[in-house]
Each structure stands twice: as C-alpha cells, then as structure tokens.
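Since the structure comes first, as structure tokens, the remarks are kept for the end.
Computed from a predicted model, the values in this text were never measured in an experiment.
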Amino acid sequence: MNFIWSHLFSSSPRRIVRPAARRKQQAPPVGADWLALAQAPPDRSRTVYDPMGAALSLRKSDVLAHGGEGVIFSFAKNPAFLIKVCKDDTLRDSRKLAAFRDRLNAMLALVECRNAPFLAWPLMPVFDQNKNVIGFVMRKNSGRTLRALYAPCQVRRFFPGWDRLSVTKVALNLVNAVQMLARHRVLVNDFNPDNFLVDPLGRIRLIDCDSFQIPGAGDNQNTFLTRTFTPEYTAPELLFHPELFNRERTPEQVRFSLAVVVYMILMSGLHPYAQCGGGDPVENLKSGKCPLARRDGVRLPVGWYKSVSWLTPGLKHLFIRMFVDGHHEPLKRPMLGELKNELENFINVMRSSKNPNQRAILPEKVKRKEKVV
C-alpha cells in the first residue's frame with residue numbers, strides 16, 4: 001500500500017500529522033469512541049487518517065454520494081481517489097461495524113483485485129483518531145453507464161462513430177472483468193447497468209464492488225454475502241425462490257445475469273425475453289418464454305429480427321442455451337469462456353465483413369432484387 005500513500009500525497013514533502021492524544025478527562029470508555037464519533041451531524045466535515053497517521057481532511061462540500069453503509073467523499077489533494085467513510089448508524093451498530101471490518105480485510109487481501117484499474121476496489125483503510133478503521137480509499141472512475149449503449153441515439157450522442165463492433169468490444173471487456181473476479185471466487189451480484197461505466201476507449205469500470213460476493217479471508221471464514229439485485233437481470237430461480245438470496249450466489253446465476261447484459265448491449269437495449277405485445281420484462285423472464293426459441297407462441301418485437309439475424313450462428317445458439325435450455329436448468333447455462341469465445345468470433349466476423357449491415361447497430365432491411373423476366 002506504499003504506492004497508494006505516495007500517490008495520495010505526491011505533490012511535495014510533508015510533515016506527517018499524528019492523531020492528537022485525548023486529554024485524560026475526555027477519554028471515553030472502551031469502545032465508546034464509535035458512539036462519540038456518531039454524535040456529530042451527518043455529512044459533516046471530517047478528518048480521517050491513513051495507515052501512516054497522516055491526516056486526510058474531508059469537507060462537507062466534498063460529499064459525492066451516500067451508499068448503504070457509508071458516505072463517499074472526493075479527495076481534494078488527489079482527485080484520482082475517493083474516500084468512503086462509514087455512516088453513523090454503522091458506527092453505532094457493533095454487528096454492522098464488525099461485518100464491515102471483516103469484509104474490508106477480505107477485500108484488501110485480494111491483491112489482483114486491488115491492483116485492477118477497472119475496479120473501484122478498496123486500496124487501503126482509513127482510521128479515526130483512535131486508530132480504529134472507519135472507511136477506505138478507492139480509485140475514482142469515470143465514464144457513462146452501460147445504459148448509454150441501450151439506445152442507438154445515445155450511442156451516437158455519447159460515443160460518436162461507434163458501431164456494433166465497438167459495443168461488442170465493451171461487452172467482451174465486461175465478460176473479461178467478471179471472469180477475472182470469478183477466478184478469485186468473487187461474484188458480481190447486481191448486474192444493474194448503472195453499476196458499470198464505459199469510457200470513450202471502450203474500457204469498462206465496475207463501481208459497486210460493495211455489492212459483490214466476497215470469499216472470506218482464511219479457511220474458516222464464511223463468504224460475505226449481499227442481497228442486492230435488479231430483477232430484470234436476475235436468474236429466474238432467485239425470483240421464484242427469494243429465500244435463496246440468503247445463501248451464496250452460484251456461478252450459474254452470475255452467468256445468466258451477465259448474458260442478459262451482454263445481449264442487451266448487442267441488441268441496443270432489447271431484453272432477451274422481450275416479446276411482441278409483451279409487457280414487463282420481469283414477468284416475461286419468469287415465464288421462460290424466449291422469442292429466440294421460435295416456439296411457445298412468442299415472437300420478437302417487430303423490427304428486431306434483422307438485428308438478431310446479423311449475430312453469428314454460434315452466438316445465437318449460445319443465447320438459446322442460456323435463456324431457453326438454462327432457464328429451468330442452471331447447469332445447462334454456457335460457461336463464461338464460451339461466451340468470451342463467441343464474442344471474439346463475432347468481433348472477427350464484423351472486422352472482415354464488407355457488408356455495412358454486419359457492423360450496424362441497427363441493420364437496415366435487406367432489399368431483395370427482383371428477377372428480370
């Protein structure tokens with residue numbers, strides 16, 4: 001973590017400010033320092049300390065957002081970083097606080113995740129004046145949310161010149177990111193597109209790492225679970241059996257959710273269970289009737305056949321296996337490596353094709369030549 005300290009204070013040599021010792025008559029009982037800290041008004045200015053004891057001043061005007069358990073501050077000394085500090089109710093609740101500390105330690109132990117530039121991952125802890133952990137430093141990431149790829153007009157507005165090849169590269173980058181996390185038994189729980197950012201170079205950023213399922217640090221540690229989810233991106237067995245949210249998520253559930261997002265990126269926001277005349281995508285998902293199967297009496301919405309027709313056969317078959325065969329049988333869902341291979345093949349086909357429809361986000365209808373009698 002010396003890398004982080006040097007970057008937080010890279011402007012000039014400094015004097016390390018040590019937390020001031022409390023006067024004896026003001027010393028609170030053991031453990032009451034959290035309660036004392038929680039008495040101040042919310043969104044107040046704060047001073048926290050890095051592991052070397054250097055003071056990090058956070059102003060009330062630096063507050064960027066409120067999460068479930070913390071407040072996120074910008075950091076005036078180095079705008080490349082953000083600092084998340086526990087909310088007062090977390091500091092008051094010993095159970096919440098212990099869970100926060102344990103989860104943070106487990107995340108800090110995953111070195112590859114900590115070093116990954118595409119993750120808003122905890123980089124180092126920050127402390128109160130009594131050297132108790134109350135938050136952490138993470139990278140600041142920027143870009144548009146994946147929703148910007150869900151409509152052609154938004155793609156033209158935010159990413160001028162992009163085509164279907166460009167957005168497919170973003171989908172592949174997302175698959176690579178999820179696959180890297182899975183190697184460390186870290187599972188993305190909430191595939192809400194607002195949790196993913198994309199920059200003008202097509203690089204993906206995952207910003208809601210607090211919602212990930214994290215393996216415990218050490219053999220005897222339980223996995224750290226979260227219940228966060230977005231229904232239209234959620235595996236059907238979880239929607240049918242909400243009690244499963246209290247258990248560990250499975251790789252099969254992650255593969256399903258990721259495939260929904262990838263399909264919607266490739267299809268300009270069309271949900272894989274969207275139907276001609278159909279309504280709510282969540283209800284369609286629960287029904288299991290996917291128009292790609294060309295059965296069950298459901299059809300793609302009018303005008304979307306041409307977009308599907310320009311997908312490669314392998315990619316179309318993979319989506320059928322995922323959303324039709326794998327709807328009720330999770331073990332039939334294709335592996336992440338298969339999805340990655342099919343996206344790479346789709347990219348190669350688009351690169352070599354001379355037909356503009358192959359790379360068009362919304363392909364034009366092909367006009368048939370009339371036969372000359």
Side-chain angles (χ1 to χ4, degrees), residues 64-74 81-84 87 100 103-104 107 110 113-114 116-123 136-151 154-155 158-159 167 169-182 184-214 224-235 238-239 245 248-251 253-269 271-272 281-282 285 336 339:
L64 293 180
H66 293 259
E69 62 185 7
V71 180
I72 299 175
F73 292 83
S74 60
F81 296 95
L82 301 175
I83 298 178
K84 183 171 183 177
K87 284 184 175 179
F100 170 81
R103 182 183 178 86
L104 177 59
M107 294 180 79
L110 297 170
C113 296
R114 205 172 67 217
F118 57 85
L119 294 175
W121 200 265
L123 301 176
F136 58 84
V137 176
M138 59 183 173
R139 291 182 188 85
K140 181 179 180 180
N141 292 308
S142 60
R144 296 284 175 183
T145 73
L146 277 185
R147 289 191 192 277
L149 304 184
Y150 279 13
Q154 293 189 138
V155 175
F158 298 122
F159 304 102
V167 300
K169 289 179 180 177
V170 173
L172 179 60
N173 289 339
L174 177 59
V175 172
N176 286 333
V178 173
Q179 193 173 41
M180 187 280 274
L181 290 167
H184 297 282
R185 295 175 44 231
V186 176
L187 300 186
V188 180
N189 281 355
D190 188 6
F191 278 85
N192 186 326
D194 293 335
N195 294 336
F196 309 108
L197 302 180
V198 56
D199 69 13
L201 298 178
R203 294 174 298 195
I204 202 78
R205 299 289 186 264
L206 284 65
I207 59 174
D208 189 25
C209 300
D210 288 346
S211 69
F212 295 174
Q213 178 173 292
I214 307 294
F224 296 97
L225 312 179
T226 61
R227 291 178 56 88
T228 311
F229 70 102
T230 303
E232 56 264 41
Y233 302 96
T234 301
L238 292 168
L239 299 178
F245 285 113
E248 291 187 25
R249 303 285 175 94
T250 68
Q253 291 161 1
V254 171
R255 297 202 294 267
F256 183 93
S257 298
L258 175 61
V260 173
V261 177
V262 168
Y263 183 89
M264 294 181 73
I265 291 173
L266 302 185
M267 297 292 291
S268 297
H271 195 278
V282 178
L285 191 160
L336 290 182
L339 178 57

Go through the steps for I265 and Y150 under the test side chain to side chain contact (heavy atoms under 4.5 Å, CB included), then give the verdict. CA-CA 6 Å; I265 291 173; Y150 279 13; 4.3 Å; yes

Please check this pair: side chain of [X] against backbone of [Y], looking for a donor-acceptor N/O pair closer than 3.5 Å.
X	Y	value
Q213	R249	yes
R205	D199	no
T230	D190	no

Is the shortest heavy-atom distance from the side chain of K84 to the side chain of L104 under 4.5 Å? no

Determine whether M107 and V186 make a side-chain contact, defined as any pair of heavy atoms from C-beta on separated by less than 4.5 Å. no

Is there a side chain to side chain contact (heavy atoms under 4.5 Å, CB included) between V155 and L149? Walk through the geometry before answering. CA-CA 6 Å; V155 175; L149 304 184; 4.2 Å; yes

Parallel, tilted or perpendicular, judged at 30° and 60°: which one describes the rings of F196 and F191? tilted

Assign the ring pair F136 / F100 to parallel, tilted or perpendicular, where the plane angle (0 to 90°) is split at 30° and 60°. parallel

Among I72, L64, V137, V71, find the one that has a side chain to side chain contact (heavy atoms under 4.5 Å, CB included) with I83. V137

Look at atom CZ of R147 and say whether more than 12 heavy atoms of other residues, nucleotides or ligands are closer to it than 6.0 Å. yes

What salt bridge (charged side-chain N to carboxylate O under 4.0 Å, His left out) pairs are there with at least one residue in residues 254-263, not counting sequence neighbours? E252-R255

Any idea which heavy atoms bring T234 and S257 closest together, and the distance? CA-OG, 3.9 Å

Side chain to side chain contact (heavy atoms under 4.5 Å, CB included) between F118 and N176, worked out: CA-CA 11 Å; F118 57 85; N176 286 333; over 6 Å; no

Check step by step if side chain to side chain contact (heavy atoms under 4.5 Å, CB included) holds for L174 and L258. CA-CA 9 Å; L174 177 59; L258 175 61; 3.8 Å; yes

